[in-house]
Novice: 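Have a look at this one.
As the structure lists them, so they are numbered: ligands from 1, and atoms in each ligand from 1. Treat the numbers as computed from the prediction; the structure is a model and nothing was measured.
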Amino acid sequence: MTLSIYNTLTRRQEPFTTVEPGKVKMYCCGVTVYDYCHLGHARACIIWDVVRRYLQLIGYDVRYIQNFTDIDDKILNRARQEKSTMEAVAERYIQAYFEDMSRLGIKEANEYPRATHTMNGIQRLIHDLEHKGFAYPANGDVYYAVQKFDEYGKLSGRKLEDLQLGASERVNIEDAEYQKKQYPFDFALWKAVKQGEPAWESPWGKGRPGWHIECSAMVRERLGDTIDIHTGGADLIFPHHENEIAQSEAVTGKPLANYWLHNGMVKVDGEKMSKSLGNFTTIRNLLDRGVDPMALRLFVLMAQYRKPIDFTDEAILAATNGWYTLRQGLLFGYQYGKKLGTGEWGLGIRNNLTSNTYIERFKEVVNDDFNFPGGLAVIFELAKELIREKNIIVHQGKTETPPDKLLQEWQTLVTLADVLGLTAQLEIETISEDALTDAEIEDLIQKRQEARKGKNFAESDCIRDDLLSKGITLIDNCEGTRWHRG
Ligand SMILES: Nc1ncnc2c1ncn2[C@@H]1O[C@H](COP(=O)(O)OP(=O)(O)OP(=O)(O)O)[C@@H](O)[C@H]1O
Ligand SMILES: [Zn+2]
């Protein structure tokens, strides 16, 4: 079976094809930066990270862009509460984002555009919409006229007539915005400046962009008119993604994205985990309590990505137990490779892997709409096989299974687990003989920096992963790269 994925737009599972052969352009709606990331964000980031890694495994060259919404009422409120500025609040939480995601082993996007750095693209798009009759100015604001876009509602399946029926309790007719709109469901592309708020010059007067327009502008600027995959949480289908489609497609006349993918929500007692609702556990809080980042990854990957999942202590405990099992399998080669007499097993994992039945089974199952739980079952089968061998070695001193077979199984396990971002670190004691010095680590970080500058991300990832396998964790932030052992 080749890859087929469920497309929210068509409500069907479809064979995956790309605009350009062998290349995937992928855009993911990122976080609004006014607080630490919670487990809902962790789920979204882990799922799209793994989707990206899997597409790479099956041979695609993936260009992955994720934005930061760094201008928004919630950021301004936070800045007011703290007597700080929007920039300072945004910067702090962007930095925190990178720290948290690095702890979870999320690969960096190719670019992280920010709304405040995209003003020209945003204004150009609004101008084009106005020019084509899809937008109208009103007292310094600019609104999108949803009734002008015939296909409005095609993603979410919501029709304007239905919205109208249920609207009476939701629309506040006293609201200043409402008074400026020609139609209640029109939405703001540009908002006139309010006292004390940051603002940019524009043809419509000083002001700032609405939320939806930033993503349309960033996709257009960084990836072009039509991309292959647009992702985000299911909470964004309406209105955010519906509005992105309306904005982009009205201007270009082309599909914004061929496949729309949405992750299910992380819930707490049946309600969406959310910053606004305040019912959230942050990633750093959970990890600082001692939960292994890999257990959190497993918690996410054990569920089908579109289904909601409940965050409970029991679920994290189950994932942690699963991780301890998998970890034993992943460490097998490091611990017993030498003993089995085939040299240092940790070396050259990446280069040695050829197709085999486990890899084919893994692909077969994951090709069915990114069935990661199914892929995990193959991975656990391998891990358990290696643990069985380990027990034989521990109790009998040796195993009858040929070392080459074990080496291949172990390499397969490490490679497939790596596709899901699941990597095991050796305890410091077990590597003390050949532990790197601080200077050697700094040297490798420098090499990685250079590889990144040269856009050689395969090499930079390789250096990071090799360091990780030696118990060294890298944390990237705006000032550079920090590291710690263990
Ligand atoms: N509970 C959740 N489960 C899964 N994904 C989520 C969850 N909350 C947010 N996301 C996803 O994370 C990304 C960033 O979301 P955003 O910054 O708007 O967070 P939020 O917590 O929903 O914010 P707010 O509470 O202010 O609405 C989006 O793709 C969103 O769909
Ligand atoms: Zn978006």
Side-chain angles (χ1 to χ4, degrees), residues 8 26-49 51 64-78 89-90 93-94 96-97 100-101 104 106 109 112-115 118 121-122 125 155-156 187 209-223 227 229-248 256-257 260-283 286 296 299-301 303-311 315:
T8 308
M26 186 166 165
Y27 180 89
C28 177
C29 290
V31 289
T32 305
V33 279
Y34 70 100
D35 210 332
Y36 293 112
C37 284
H38 57 62
L39 301 180
H41 305 129
R43 183 182 195 190
C45 292
I46 290 168
I47 290 298
W48 307 127
D49 176 57
V51 162
Y64 181 79
I65 309 283
Q66 187 180 315
N67 72 311
F68 285 120
T69 298
D70 62 348
I71 171 149
D72 179 270
D73 284 338
K74 293 172 207 159
I75 309 176
L76 288 166
N77 285 341
R78 174 58 72 103
V89 171
Y93 292 112
I94 286 174
Y97 173 91
D100 293 343
M101 294 308 154
L104 292 182
I106 307 288
Y112 291 97
R114 301 184 190 187
T118 315
I122 289 173
L125 204 54
L155 181 72
S156 60
F187 59 89
W211 171 35
H212 315 298
I213 195 73
E214 72 179 77
C215 288
S216 285
M218 288 172 193
V219 171
R220 193 185 188 194
E221 218 168 52
R222 313 285 163 150
L223 294 171
I227 62 172
I229 301 180
H230 194 311
T231 73
D235 56 330
L236 300 187
I237 297 172
F238 188 88
H240 184 56
H241 289 164
E242 196 70 66
N243 291 352
E244 271 189 51
I245 289 178
Q247 294 162 155
S248 300
L256 169 57
W260 286 85
L261 273 58
H262 293 97
N263 65 275
M265 294 292 101
V266 172
K267 299 198 160 189
V268 186
D269 298 330
E271 250 191 315
K272 176 196 164 193
M273 181 179 283
S274 149
K275 288 179 284 194
S276 322
L277 294 173
N279 61 348
F280 62 94
T281 301
T282 64
I283 296 170
L286 191 78
L296 178 51
F299 164 68
V300 167
L301 293 168
Q304 208 282 340
Y305 79 91
R306 290 190 282 117
K307 298 215 169 95
I309 46 178
D310 267 315
F311 169 65

Novice: Determine which of the N, O or S atoms in E244 is closest to the Zn ion (ligand 2) and give its atom name.
Specialist: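 Closest N, O or S atom of E244 to the Zn ion (ligand 2): OE2.
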
Novice: Between H241 and H262, how do the two ring planes meet: parallel, tilted or perpendicular, split at 30° and 60°?
Specialist: tilted

Novice: Give me each pair satisfying salt bridge (Lys or Arg N to Asp or Glu O under 4.0 Å) with a member in residues 268-279, each pair once, sequence neighbours excluded.
Specialist: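 Qualifying pairs, neighbours excluded: D235-K272.
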
Novice: Against heavy atoms of K275, which atoms of ligand 1 measure under 4.0 Å?
Specialist: 17 (O), 19 (O), 20 (P), 21 (O), 23 (O), 25 (O)

Novice: What are the two closest heavy atoms between V219 and I227, and how far apart are they?
Specialist: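 The pair with the smallest heavy-atom distance is CG1-CG2, 3.7 Å.
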
Novice: What's the NE2-the Zn ion (ligand 2)-SG angle here (H240, C215), rounded to 10 degrees?
Specialist: 110°

Novice: Hey, can you tell me if H38 and F280 have their rings parallel, tilted or perpendicular (30° and 60° cut-offs)?
Specialist: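 Rings of H38 and F280: tilted, as their planes differ by 30° to 60°.
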
Novice: Under 3.5 Å, N or O to N or O, is M265 touching ligand 1 that way?
Specialist: no

Novice: Considering all heavy atoms of both residues, which atom of D310 and which atom of V268 are nearest to each other, and what is their separation?
Specialist: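 The answer is OD1-N, 4.3 Å.
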
Novice: To check your reading of the model: name the closest protein heavy atom to atom 17 (O) of ligand 1, its residue, and the distance in Å.
Specialist: T32 N, 2.9 Å

Novice: Can F280 be said to touch ligand 1, with heavy atoms closer than 4.0 Å?
Specialist: no

Novice: Return a yes/no value for G233: is any of its N or O atoms, backbone included, closer than 3.5 angstrom to an N or O of ligand 1?
Specialist: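 Among all N and O atoms of G233, at least one is under 3.5 Å from an N or O of ligand 1.
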
Novice: Which label fits Y112 and F68: parallel for a plane angle under 30°, tilted from 30 to 60°, or perpendicular past 60°?
Specialist: parallel

Novice: Kindly give the heavy-atom pair with the smallest separation between Y34 and V89, and that separation in Å.
Specialist: CA-CG1, 4.1 Å

Novice: Give the residue and atom name of whichever protein heavy atom lies nearest to atom 3 (N) of ligand 1, and the separation in Å to one decimal.
Specialist: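 Checking every protein heavy atom, the shortest distance to atom 3 (N) of ligand 1 gives V266 N, 2.8 Å.
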
Novice: State the atoms of ligand 1, each with its element, that fall below the 4.0 Å cut-off from a heavy-atom position in N263.
Specialist: 4 (C), 5 (N)

Novice: Pull out every atom of ligand 1 sitting under 4.0 Å from any heavy atom of G30, numbered as shown with elements.
Specialist: 14 (C)

Novice: Identify the closest protein heavy atom to atom 24 (P) of ligand 1: which residue and atom is it, and at what distance?
Specialist: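 Result for atom 24 (P) of ligand 1: S276 OG, 3.0 Å.
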
Novice: Which atoms form the tightest heavy-atom contact between L104 and L296, and what is the distance?
Specialist: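 Heavy atoms only, the tightest pair is CD2-CD2, 3.6 Å.
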
Novice: Any donor-acceptor pair under 3.5 Å linking the side chain of D70 with the backbone of A115?
Specialist: yes

Novice: Using a strict cut-off of 4.0 Å, indicate which atoms of ligand 1 neighbour a heavy atom of S274.
Specialist: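 By the 4.0 Å cutoff, the relevant atoms are 21 (O), 24 (P), 25 (O).
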
Novice: Any idea which protein heavy atom is nearest atom 11 (C) of ligand 1, and the distance to it?
Specialist: A44 CB, 4.2 Å

Novice: Students should be able to answer this: which protein heavy-atom is nearest to atom 16 (P) of ligand 1, and at what distance?
Specialist: H41 NE2, 3.8 Å

Novice: Using a strict cut-off of 4.0 Å, indicate which atoms of ligand 1 neighbour a heavy atom of Y34.
Specialist: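 Result: 24 (P), 26 (O).
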
Novice: Tell me the nearest of Q66, K272, H240 to atom 22 (O) of ligand 1, using heavy-atom distances.
Specialist: K272

Novice: Measure from atom 28 (C) of ligand 1 to every heavy atom in L236, L277, V300 and give the option owning the shortest one.
Specialist: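 Heavy atom nearest to atom 28 (C) of ligand 1 belongs to L236.
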
Novice: Going by heavy atoms in the side chains, are M218 and I65 under 4.5 Å from each other?
Specialist: no

Novice: Does a side chain donor of either T69 or E214 reach within less than 3.5 Å of an acceptor in the other side chain?
Specialist: yes

Novice: Please name the pair of heavy atoms, one in L39 and one in V266, separated by the smallest distance, quoted to 0.1 Å.
Specialist: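 Scanning both residues, the minimum pair turns out to be O-CG2, 3.6 Å.
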
Novice: With respect to atom 2 (C) of ligand 1, which of C45, G40, C28 exhibits the smallest heavy-atom separation?
Specialist: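 Answer by nearest heavy atom: G40.
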
Novice: Which option out of K74, H38, M273, R43 puts a heavy atom nearest to atom 1 (N) of ligand 1?
Specialist: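 It is M273 whose heavy atom sits nearest to atom 1 (N) of ligand 1.
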
Novice: Locate the shortest heavy-atom distance separating A303 from R43; write the atom from each residue and the value.
Specialist: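 That closest heavy-atom pairing would be CB-NH2, 4.2 Å.
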
Novice: G264: heavy atom below 4.0 Å from ligand 1, yes or no?
Specialist: yes

Novice: With atoms numbered from 1 as shown, which atoms in ligand 1 lie under 4.0 angstrom from a non-hydrogen atom of D235?
Specialist: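 Answer for ligand 1: 22 (O), 30 (C), 31 (O).
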
